[in-house]
Q: 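The structure follows.
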Amino acid sequence: MPATKSNCLLAQGALLEPAIARAAEVIRAGGTVGVPTETVYGLAARADRDDAVAAIYRAKGRPDFNPLIVHVADRAQAARLAHLDAVAQILVDRFWPGPLTLVVPRRDDARLSAAVSAGLPTVALRCPAHPVMRALIAATGLPLAAPSANRSGAVSPTRAAHVVASLGDRVDLVLDGGDCAQGLESTIVAVRPDGGWTVLRPGPITHAEIAGLLGTDTEISARGGIEAPGQLASHYAPGKPVRLHADAPAADEFMIGFGPVAGHVTLSATGDPAEAAARLYACLHAAAAAAQPRVAIAGVPDIGIGEAINDRLRRSAA
Ligand code: AMP
Ligand code: MG
């Protein structure tokens, strides 16, 4: 059954408060809510209950070895769930609330479903900046597990309509808070017991910004095992073959342009990497829906946020 408008609520202006109240009820009862964050739309459920967390995995068709990010209101709530050492504190002070996820040792007394960590001794924590997600966390008083609100392996959602199209009636309620400002999933940093750190997933906060604060990372990033399955090779896929670094489309290709390279749509006509990040998934959704059986994408410089954009583009083409 296709999703009806009735499971999508506007969560802006005067409608924010009643929408949050309704969503908080759904969450408390163990249900799932699609909710905007500054990165992408999340599929949220209470992180302290096994049945609620299981509902996320079921709705996404997500493999159960792929752990979830837990969203908190502030540092105090984070400190009840995990051990935040000096390095973690520095990152929290500088980047929270915002698009930075920390993988840190989980506390033994943390009231979290074991499934959010997929059996790992660590937990991924983020304190989001988006007012709708913040209001939902505050209204429930609970840590919220929330992966991106799409079927596993598909393109991430940056507007409510993407969530409805991907999950339909697999999600109990969707809050429409407009388009996501950043458009790329959070940067994930693992903080190691020895004081070291490593970027598990590039994102809006760049490697250079973190290194500027903490000094050089000590680990070679290719560690072999899948620690953050955003690292899975094929991810963010529009469901058709993708060709990267294209200068012009073939007759059967839908072209995504950038800067001077024109396309059927463009990441940014002016060649602005921040705009390209914000528009990336909307462009991939347009490519998925287009008549052409193939997709061609212009090159994006590999600097700053461009690193994270190219990480996602490589996976969309894998
Ligand atoms: P998403 O599905 O976009 O929310 O992605 C969540 C990401 O966080 C995935 O790449 C997970 O593998 C990663 N993640 C969550 N918890 C952990 C953890 N304890 N250790 C390493 N990575 C994690
Ligand atoms: Mg995802």
Q: What pairs of residues pass the ring pair (Phe, Tyr, Trp, His ring centres under 6.0 Å) test when at least one of them lies in residues 113-151, not counting sequence neighbours?
A: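 Qualifying pairs, neighbours excluded: none.
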Q: Against E253, only a single residue in R294, Q292, R243 fulfils side chain to side chain donor-acceptor pair (under 3.5 Å); can you say which?
A: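 Single side chain to side chain donor-acceptor pair (under 3.5 Å) partner of E253 among R294, Q292, R243: R243.
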Q: Quick check: does any side chain N or O of R28 sit under 3.5 Å from a backbone N or O of A23, one acting as donor and the other as acceptor?
A: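 Between the backbone of A23 and the side chain of R28 there is no qualifying donor-acceptor contact (under 3.5 Å).
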Q: Hey, could you give me the OG1/CD1 distance between T32 and I27, rounded to the nearest 0.5 Å?
A: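 It is 7.5 Å, given to the nearest 0.5 Å.
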Q: Walk me through whether L184 and L280 qualify under side-chain contact (heavy atoms from CB on, under 4.5 Å).
A: CA-CA 8 Å; L184 282 184; L280 174 64; 3.6 Å; yes
Q: Between V70 and L81, does a side-chain contact (heavy atoms from CB on, under 4.5 Å) hold up when you go through it step by step?
A: CA-CA 9 Å; V70 175; L81 304 176; 4.1 Å; yes
Q: So does A115 get a backbone contact from the side chain of D64, meaning a donor-acceptor N/O pair under 3.5 Å?
A: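 No; judged by distance alone, with no hydrogens or angles, the pair does not exist.
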Q: Under the criterion side-chain contact (heavy atoms from CB on, under 4.5 Å), which of L43, N150, V155 is the partner of S166?
A: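 The side-chain contact (heavy atoms from CB on, under 4.5 Å) with S166 is passed solely by N150 among L43, N150, V155.
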Q: Quick check: does any side chain N or O of H245 sit under 3.5 Å from a backbone N or O of G299, one acting as donor and the other as acceptor?
A: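 Checking the backbone N and O of G299 against the side chain of H245, no donor-acceptor pair under 3.5 Å is found.
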Q: So, taking the atom named CH2 in W197 and the one named CG in L213, what distance separates them when rounded to the nearest 0.5 Å?
A: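 W197 CH2 to L213 CG: 9.5 Å, rounded to 0.5 Å.
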Q: Would you mind checking if R107 and D109 are paired as a salt bridge, meaning a charged N to carboxylate O distance below 4.0 Å?
A: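 Looking at D109 and R107, the cut-off is met.
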Q: Once rounded to the nearest 0.5 Å, what's the spacing between atom CD1 of I20 and atom CD of E25?
A: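 One gets 12.5 Å once the value is rounded to the nearest 0.5 Å.
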Q: Please determine whether side-chain hydrogen bond (donor to acceptor under 3.5 Å, both in side chains) holds for the pair R201 and S186, giving the CA-CA distance in whole Å, both sets of side-chain angles, and the decisive distance to 0.1 Å.
A: CA-CA 8 Å; R201 177 173 73 185; S186 61; 3.2 Å; yes
Q: If we ignore angles and hydrogens, is there a donor and acceptor under 3.5 Å between the side chains of T37 and R126?
A: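 Side chains of T37 and R126: pair found under 3.5 Å.
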Q: Tell me, which pairs form a ring pair (Phe, Tyr, Trp, His ring centres under 6.0 Å) where one or both residues lie in residues 148-185, sequence neighbours left out?
A: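 Every pair satisfying ring pair (Phe, Tyr, Trp, His ring centres under 6.0 Å) with a residue in residues 148-185: H162-H285.
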Q: Does any donor atom in the side chain of R279 or T158 lie under 3.5 Å from an acceptor atom in the other side chain?
A: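 Side-chain D/A pair, R279 to T158: absent.
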Q: Donor-acceptor check, side chain of Y57 to backbone of N66, threshold 3.5 angstrom: yes or no?
A: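 Yes, because the side chain of Y57 sits within donor-acceptor range (under 3.5 Å) of the backbone of N66.
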Q: Tell me if a side-chain donor or acceptor on R312 pairs with a main-chain N or O of E185 at a distance below 3.5 Å.
A: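 Judged by distance alone, yes, a pair lies under 3.5 Å.
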Q: Does any N or O in the side chain of K240 come within less than 3.5 Å of the main-chain N or O of A287, such that one atom is a donor and the other an acceptor?
A: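 Pair found, side chain donor or acceptor close to backbone of A287.
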Q: How are the rings of Y236 and Y281 set to each other: parallel, tilted or perpendicular (split at 30° and 60°)?
A: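 Parallel, since the angle between the ring planes stays under 30°.
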Q: Closest approach of G178 and Q12, non-hydrogen atoms and distance?
A: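 Distance-wise, the nearest heavy atoms are N-NE2, 3.4 Å.
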Q: From L144 CG over to R46 CZ, what is the distance, rounded to the nearest 0.5 angstrom?
A: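 Going from the CG atom of L144 to the CZ atom of R46 covers 9.5 Å.
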Q: With a 4.5 Å cut-off on side-chain heavy-atom distances among I, L, V, M, F, W and Y, is there a chain of contacts connecting L112 to L68?
A: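 Cluster IDs for L112 and L68 match.
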Q: Looking only at heavy atoms, which two atoms of A11 and V132 are closest? And how far apart?
A: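 What the structure gives for the nearest pair is O-CG2, 3.6 Å.
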Q: Quick check for you: to the nearest 0.5 Å, what is the distance between C283 atom SG and I297 atom CD1?
A: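 Atom-to-atom, C283:SG and I297:CD1 are 8.5 Å apart.
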Q: How many angstroms lie between NE2 in H83 and OG1 in T122, if you round to the nearest 0.5 Å?
A: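 Between H83 NE2 and T122 OG1, I get 12.0 Å after rounding to 0.5 Å.
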Q: side-chain hydrogen bond (donor to acceptor under 3.5 Å, both in side chains) between R106 and S117: does it pass, once the steps are laid out?
A: CA-CA 9 Å; R106 182 178 157 128; S117 294; 2.9 Å; yes
Q: Check the surroundings of atom CG in D108: do more than 12 heavy atoms from other residues, nucleotides or ligands lie under 6.0 Å from it?
A: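 Result for CG/D108: open.
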Q: Looking at A24 and L136, what are the two nearest heavy atoms and their distance?
A: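 Here A24 and L136 meet closest at N-CD1, 3.8 Å.
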Q: Are D48 and R111 close enough for a salt bridge, meaning some N to O gap below 4.0 Å?
A: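 So D48 does not pair with R111 through a salt bridge.
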Q: Examine distances only and state if a side-chain atom of Y41 and a backbone atom of G177 form a donor-acceptor pair shorter than 3.5 Å.
A: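 Side chain of Y41 to backbone of G177: a pair is present.
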Q: Given side-chain contact (heavy atoms from CB on, under 4.5 Å), test T187 with V199 step by step and report yes or no.
A: CA-CA 7 Å; T187 305; V199 174; 4.3 Å; yes
Q: Does the side-chain contact (heavy atoms from CB on, under 4.5 Å) test come out yes or no for I256 and L284, once each step is laid out?
A: CA-CA 8 Å; I256 299 177; L284 288 174; 4.1 Å; yes
Q: At their closest point, which heavy atom of I305 faces which heavy atom of P273, and how far apart are they?
A: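 Looking at all heavy atoms of both residues, the closest pair is CG2-CB, 3.5 Å.
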